[in-house]
Amino acid sequence: FFFGGPYRCCRWLAWMRRGIDDAVAVAGALLAESDCHGFFAMRIASSSLRAASRAATIPGLAAAVARTLPGEAKRERLLRVLASVLGDAGDGSVALLAGRCFGDSIGWHERYAAAKALATAAEGLGGAAAADAIRRLGAALSDGNELVQAAASKALPRLAQRGDKVALAAAAAHLSHTSPLARQAAISAVGGLARRGDPVVVACLAAALRNDLDWRVRIAAARGLPQVAERGNPVALKALYVGLRDQDEGVRRATAGAMAHISPSPSEALLAIRNHPLPMRKRHAPGGAAGLFSGSRRKVAAA
């Protein structure tokens, strides 16, 4: 039950390269000797056991990560396990270690694992560890891999409070990036970092919804406006009315969802959506059943 029941125990064995046979044997023994009450007790006890084992496990995993070299497959697996073991317990030394691994990583898999470990280790911390994590994750918003960018955009709002100038500046620096994926990640991070009602951020997201050429960026802007703009904000409403007439269906749907949170009253949001109706998507029965059924009906009618 070391890391949370049979499933995580088997994953731990697989990560440590002790072989699939060992994992199957342990899982079989645990499943054979446990009834429903045993599984329930195991689920309750696993989190406590995992929390109690952190003090002894985290230093060993951190030391193992420190001994690896950039590009080693073992480093990525160790970083993933380290992020899982940390849970919600921040650790400054692990955060600095994960930051160094992120800086010299080779390959997006390793950068992604390091970003997850860095975000988990730095959560709830302050000082140099948090500042280093914000700086590195802010730079990762323009990473060449979409998964790394998404991990960074989700992690930044967890590491800083709304209105934090350093984190907000790190994310806003990529709002005009040439890559649409970088702009999308930056908008998502800014939406979670900006203070409610910030006029500069509201204007920036509204401009992205109106003018950006990439539909993914416009969707991110539509989803970010309700996080920042207050109800009835005229700048946000004007951009949302433009978004309701967007050529992309996904943008129109995201804008319709945002309209309900920003319009002065729910009735006004419904009227806006009614005046700009969303196209209905055709739904077909799986496997061509609709065509077969309609053909059989024609045959019956002909008979």
Start with the C-alpha distance between Leu82 and Val94, add both sets of side-chain angles, then the distance that settles side chain to side chain contact (heavy atoms under 4.5 Å, CB included), and finish with yes or no.
CA-CA 9 Å; Leu82 186 58; Val94 176; 3.6 Å; yes
Please step through side chain to side chain contact (heavy atoms under 4.5 Å, CB included) for the pair Arg162 and Arg196, ending with a clear verdict.
CA-CA 8 Å; Arg162 282 190 173 272; Arg196 188 82 171 173; 5.9 Å; no
Would you sort out whether Arg183 and Asp214 count as a salt bridge (Lys or Arg N to Asp or Glu O under 4.0 Å), showing the intermediate values?
CA-CA 9 Å; Arg183 297 197 301 274; Asp214 192 273; 5.5 Å; no
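We find that Asp246 and Arg218 are joined by a salt bridge, their nearest charged nitrogen and carboxylate oxygen being less than 4.0 Å apart. For Asp143 and Arg111, the salt-bridge test passes: some basic side-chain N is under 4.0 Å from an acidic carboxylate O. Taking the charged nitrogens against the carboxylate oxygens, Arg195 and Asp198 have no contact shorter than 4.0 Å, which rules out a salt bridge. A salt bridge between Arg252 and Asp248 is absent, with no side-chain N of the basic residue lying under 4.0 Å from a carboxylate O of the acidic one.
Taking the side chain as every heavy atom from C-beta outward, Arg158 and Thr120 approach each other to under 4.5 Å. Looking only at side-chain heavy atoms (C-beta outward), Leu237 and Met259 come within less than 4.5 Å of each other. Counting heavy atoms from C-beta on, the side chains of Arg80 and Lys116 never come closer than 4.5 Å.
Side-chain contacts under 4.5 Å among hydrophobic residues (ILVMFWY), followed directly or transitively, place Trp108 together with Phe102, Tyr112, Leu147, Val148.
Screening Val190, Ile187, Leu193, Leu141 for a side chain to side chain contact (heavy atoms under 4.5 Å, CB included) with Ser153, the sole residue that qualifies is Leu141.
The heavy-atom pair separating Leu159 from Leu137 by the smallest distance is CD1-CD1, 3.4 Å. Here the shortest heavy-atom pairing between Ile134 and Ala170 reads O-CB, 4.3 Å.
The number of heavy-atom neighbours closer than 6.0 Å to CZ of Arg223, taken from other residues, nucleotides and ligands shown, is 12 or below.
Checked by atom type, the side-chain pair Arg75/Thr68 shows a donor-acceptor distance below 3.5 Å.
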